[in-house]
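Have a look at the structure below before the remarks.
What you are looking at is a predicted structure, and each value in this text was computed from that prediction instead of being measured. One-based numbering, in listed order, for ligands and for the atoms of each.
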Amino acid sequence: MTMRRTSVVGCRNAEGADADASDAAAGKECGEVGGEAHLTENMVCTLGAARSRHRTVAKDIPRGSARSPGSWRWQSGRRRPTTRCGGVIQAWCAAHSFERFPTPHPPDDSCRVAALVDEGTTMLGGDGRQRQLAALREIKAIATESDRNKRCVEATPGAVKFLVSVVVQSHAAASTYTSARSDDDLLDSVINSRMSTSSPEEEALGVLYSLKLSEPTLRRILGKDNGGFLDTLASVLLLKAMTSAMPPERLGCRPRRRSIRSRTPLRYRWRAFLEEAGEPDDEASAAAAAAGEEQEDDAVASISRQRLARRSLYTPTPAGSGTHPYTCMAAARVGLVSVSVSHALHASSSSPSLRPPRLRLPPYLPRHHHHLLPTFPPNYPRPSSAAAARLRASATMSQAAGNPYAAELAAAKKAVTLAARLCQAVQKDILQSGVQSKADQSPVTVADYGSQILVSLVLKMEAPASSSFSMVAEEDSEELRKEGAEEILENITELVNETIVDDGTYSIYFSKEGILSAIDDGKSEGGPSGRHWVLDPIDGTKGFLRGDQYAIALALLDEGKVVLGVLACPNLSLGSIGNLNGGSSGDQVGALFSATIGCGAEVESLQGSPAQKISVCSIDNPVEASFFESYEGAHSLRDLTGSIAEVHESYLGNLVFECWQKLGVQAPPVRIDSQAKYGALARGDGAIYLRFPHKGYREKIWDHAAGSIVVTEAGGLVTDASGNDLDFSKGRFLDLDTGIIATNKQLMPSLLKAVQDAIKEQNQAASPL
Ligand SMILES: Nc1ncnc2c1ncn2[C@@H]1O[C@H](COP(=O)(O)O)[C@@H](OP(=O)(O)O)[C@H]1O
Ligand SMILES: [Mg+2]
C-alpha cells in the first residue's frame with residue numbers, strides 16, 4: 001500500500017504537479033515506511049524527479065524558517081530535506097549509486113556532538129584554538145536548533161564538562177599569560193578580548209547559556225567546585241538571569257564601543273576597564289597623582305601589573321569578593337555595569353551557606369557604558385561636533401553683538417542646561433517615590449552634588465581658561481568622604497555618568513575620586529580680584545523637594561563684580577506667572593535666563609528656543625504693582641514685607657480709624673522659591689522683589705549673584721535696604737544686615753522710602769521706649 005501511494009506521488013511529481021504538496025506527501029509516505037529503503041522500480045523515476053524538484057523548491061523556502069513547508073527545513077544556513085524523508089532518499093540514492101544530497105550530519109546526532117567534544121578536548125593552543133573554536137561553534141549551532149537538540153547535547157557524555165572546562169582552562173592559561181606579557185600587550189588583550197569576534201570560552205559560555213541545563217546537571221557542576229566550575233556556572237546563570245530580564249533586541253549583540261585602544265594612553269584604558277568592571281582603580285589614580293604627569297603612565301602601568309598578578313582579571317575571584325571577568329563580559333554584553341558573582345550563586349541555590357545577594361543595580365543605572373574614556377580631570381577631550389558647533393555659533397553671535405564674555409556665556413548656558421537635565425530626572429524620581437515626605441533628603445543631595453559636578457565639568461571644558469579655574473559653590477566633598485556616604489557617592493557617580501552619556505557631548509567617565517575632586521572645584525573663597533564662577537547648584541532646595549520652583553544659578557565675578565549670570569528654571573513657565581503664585585499657566589515650562597554686563601538680559605526655553613530680550617516692567621504706580629517674596633515663610637519677614645507693600649487700614653464702624661499707606665500695592669504677594677523670582681521680575685511678570693531675612697542670617701553670594709545681574713541687565717535695580725548695590729567682592733557672603741530689594745527704576749525711590757519707613761517703625765516698635 002505504501003508503495004502504491006508513493007508511486008502516485010511520483011507520478012504527480014513527474015507530471016509537474018504542485019511541488020509543496022508532493023513533498024508533503026512524500027514526507028508522509030516516508031514516515032510511514034519508517035526509513036526502510038525497499039523501494040520499487042517505480043520510485044526510481046519518482047525520486048529522481050523529486051530530487052530535481054527539491055532543488056527548485058529549496059530556493060523558494062524563506063530563510064530563517066526553522067521548518068519550511070513540506071519536507072524541507074533550514075539547518076546550518078542551508079536548506080535540507082527533513083530527516084525522515086531525507087533518510088529514505090539518501091538510502092535510495094546510496095543503493096542506486098546516485099550522488100547523495102549534500103546533507104550535514106544530523107543535528108540531533110549525539111555521536112556528532114561526542115565527536116565534536118572529543119575534537120575540542122584535544123585541540124588546545126596555537127592552531128588548535130581555532131579548531132576548538134570551530135568545534136564549539138558547531139555544537140552551538142546544533143544546540144540552538146531545537147530544544148530536543150539542547151537535551152541531546154546536555155545528555156552527550158562529557159559535553160557539559162567539556163564546555164565548562166574550556167572556560168576553566170582559559171582562566172589558567174590567562175594567569176600564565178598575564179605574568180609573561182608586557183603591561184600594554186596585556187591590557188590590550190584583556191580589553192580587546194571582549195571586542196574581538198569571539199573566543200572559545202565565550203562560545204562555550206554561549207552554549208552553556210543556551211542549553212538551559214537541567215537541575216541535576218547544575219547540581220553536578222556546583223558539586224564539583226574545583227578550579228572555577230562554580231564561578232563559571234554562576235556567570236552562566238547570571239547571564240541567563242540577566243538575559244531573561246533584557247528585551248530581546250539587546251540579547252546577543254555586543255554593545256557598540258568606541259575603540260579606546262587607539263586614541264588613549266594606557267592609564268586611561270586601564271582605568272576605564274576597571275571602572276566598567278565595577279572596580280575603580282583608586283590605587284592607580286593615587287599613584288598617578290603622586291607621580292606627576294610624565295611618570296603617570298609608568299606609575300599606573302606598574303600598579304596595573306601588580307593588580308593583574310595579585311588577583312588577575314582572568315583568574316576567578318572567590319564568590320562574592322569581587323567581579324568575575326565573565327560576569328563583566330556578560331554584564332557588558334547586556335548593557336549592565338557590574339553584578340557580583342554571589343548574587344548569581346544565591347539565585348542559583350537555596351543553600352544558606354551562600355552569601356546573600358549583592359546585586360549592584362543602582363537607582364540610576366547607566367544605560368550605556370560604552371563611552372569609557374579618560375576619567376576626570378586631566379586632558380579633557382573636546383566636545384562632540386554638533387554640540388560644539390552649537391556652542392561656537394552661540395558664542396560667535398554674542399561676540400558679534402559685542403559681548404566680551406561671549407564664550408563664558410555660552411559655556412555657562414550649556415553648563416546649567418546640562419545640570420538642569422540631571423535635576424529634572426531626580427525631581428521626577430522624588431515626586432514618584434514620595435521621598436519628599438521623609439526625613440531622608442539624600443535624593444536632593446545627589447542632585448545638588450550632581451548639578452555642581454556637571455557645571456564644573458562644562459565650565460572647565462568650554463570656558464576659556466584665562467587663569468586657574470576658580471568656583472565659589474555651595475557644596476564641598478567633606479560629607480561625601482565620610483564613612484557611610486559610600487552609597488550616596490555611588491549614586492552621584494552613576495547619575496552624573498548617565499547624564500553625560502545621555503547628553504553625548506563629552507566622552508568622559510567619572511570615577512568616584514573624580515567626582516569628589518570635581519565637587520571640590522567649588523571650594524574657592526571668591527574675593528575682589530580675579531575671576532570666580534559663583535554657583536548655586538540647586539537654589540530653592542525646598543521648592544525642588546515639593547516639586548515647585550528651583551533654579552540652577554551660575555554667575556561670573558570679574559574683579560569683584562558680577563559680569564555674567566545665567567538662571568536655569570526648569571519648572572518656570574515660559575509665559576508670565578504674574579498672578580499665579582508661581583504656578584504654570586499651562587504654557588511650556590523650563591526657562592533659561594541669561595545676562596552679560598552691558599549686553600542686556602535674555603530668556604529662552606531650556607529646550608533651546610531662540611533667545612529673546614527681556615526687560616523689567618515699566619509700572620510707575622505702586623497700586624498697579626505686584627511683588628514677589630519667598631515661598632518659605634522662614635526666609636523673609638512677612639510682616640515687614642506686608643507693611644512695606646500694603647495699604648493698611650483700620651476701621652471704627654464705617655470710619656477709617658488708621659491708615660498707613662506705604663507703597664499701596666494691592667495685589668497679593670506672589671510667593672515662589674529660588675532665584676526664579678529674579679527671572680520673573682526681569683521679564684516683567686511682577687514689579688517688586690522683597691527679601692528680609694531674620695536677624696543674624698547671612699546671605700550667600702550664590703543666592704543672588706546670577707539673579708541680580710539678570711534683573712539689572714533687564715533694566716531693573718537690586719539694592720540692599722539702604723539703597724546700596726550688593727557687594728559680591730567680600731568672599732562667600734554678602735555683607736548685609738538688612739534685606740534685599742529689587743524693582744524697576746521708576747518704583748525704586750518710593751520703594752526705598754517705604755522700606756526705610758517700615759524698618760524704622762519696626763525698630764521703634766521693638767525698642768522698649
Ligand atoms: N533663614 C533663612 N533666611 C533667608 N534665607 C535662607 C534662610 N535659610 C536658607 N536660606 C536661603 O534661601 C535660599 C532659598 O531662597 P528662597 O527662599 O528665595 O527660595 C536657600 O537656598 P538653597 O535652597 O539653595 O539652600 C538658602 O540659601
Ligand atoms: Mg540657594
Side-chain angles (χ1 to χ4, degrees), residues 416 419-420 422-423 426-427 430 436 441-452 455 471-476 479 519 522 526 533-555 562 565-572 577 581-583 593 627-641 669-682 685-686 688-708 710-711 718 720-721 726 728 731-742:
V416 296
L422 177 147
C423 295
V426 178
Q427 194 183 51
I430 291 174
Q436 71 272 27
Q441 298 201 344
S442 53
V444 194
T445 317
V446 169
D448 247 335
Y449 286 118
S451 168
Q452 183 161 322
V455 169
M471 187 163 80
V472 186
E474 197 170 5
E475 311 296 344
D476 68 37
E479 288 300 313
I519 293 172
W533 289 100
V534 179
L535 171 70
D536 194 338
I538 297 186
D539 181 39
T541 322
K542 296 207 166 133
F544 178 78
L545 261 177
R546 259 187 270 111
D548 288 343
Q549 297 300 332
Y550 65 98
I552 295 100
L554 177 64
V562 183
V566 289
L567 285 177
C569 306
N571 288 343
L572 190 66
I577 57 157
N581 268 352
F593 297 94
F627 77 96
F628 292 110
E629 66 179 349
S630 281
Y631 183 95
E632 292 292 324
H635 293 183
S636 192
L637 299 165
R638 285 193 177 162
D639 51 348
L640 184 61
T641 55
V670 178
R671 292 178 175 150
I672 63 170
D673 301 283
S674 82
Q675 291 175 65
K677 291 188 277 292
Y678 282 114
L681 184 79
D685 291 4
I688 298 163
Y689 172 21
L690 299 174
R691 184 182 188 90
F692 292 93
H694 290 269
K695 214 167 170 49
Y697 180 79
R698 293 180 78 193
E699 294 278 13
K700 291 108 173 178
I701 58 171
W702 52 78
D703 277 329
H704 302 281
S708 65
V710 168
V711 168
V718 182
D720 66 10
L726 304 185
F728 291 93
R732 293 171 80 85
F733 296 94
L734 283 173
D735 204 5
L736 298 173
D737 61 353
T738 55
I740 293 174
I741 55 176

Rounded to the nearest 0.5 Å, what's the gap from [atom1] on [X] to [atom2] on [Y]? Could you check?
| X | Y | atom1 | atom2 | answer |
| --- | --- | --- | --- | --- |
| Trp702 | Phe733 | CH2 | CZ | 6.0 Å |
| Tyr697 | Arg691 | OH | CZ | 6.5 Å |
| Gln675 | Leu554 | CD | CG | 10.5 Å |

For a 4.5 angstrom cut-off between non-hydrogen side-chain atoms, does [X] reach [Y]?
| X | Y | value |
| --- | --- | --- |
| Ile688 | Ile741 | no |
| Trp533 | Val455 | no |
| Val534 | Val562 | no |

(request) Could you list the residues that satisfy side chain to side chain contact (heavy atoms under 4.5 Å, CB included) with Ala447, not counting sequence neighbours? (result)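 Side chain to side chain contact (heavy atoms under 4.5 Å, CB included) list for Ala447, sorted by chain: Leu422, Val426, Ile538, Phe544.
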
(request) Check which protein N, O or S atoms are less than 2.8 Å from the Mg ion (ligand 2) and report how many there are. (result)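 Step by step: take the Mg ion (ligand 2), keep protein N, O, S below 2.8 Å, and you get 3.
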
(message) Restricting to salt bridge (charged side-chain N to carboxylate O under 4.0 Å, His left out), what partner residues turn up for Arg638, sequence neighbours left out?
(response)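 If we apply the salt bridge (charged side-chain N to carboxylate O under 4.0 Å, His left out) test to Arg638, skipping adjacent residues, the hits are Glu629.
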
(request) Locate the shortest heavy-atom distance separating Gln549 from Ser674; write the atom from each residue and the value. (result)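 Residues Gln549 and Ser674, closest heavy atoms: C-OG, 4.2 Å.
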
(request) Could you name the protein residues that come within less than 4.0 Å of ligand 1, counting only heavy atoms, and order them by chain and residue number? (result)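 Correct list: Glu474, Asp536, Ile538, Asp539, Gly540, Thr541, Ser630, Ala634, His635, Asp673, Ser674, Lys677, Arg691, Pro693, Tyr697, Lys700, Asp703.
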
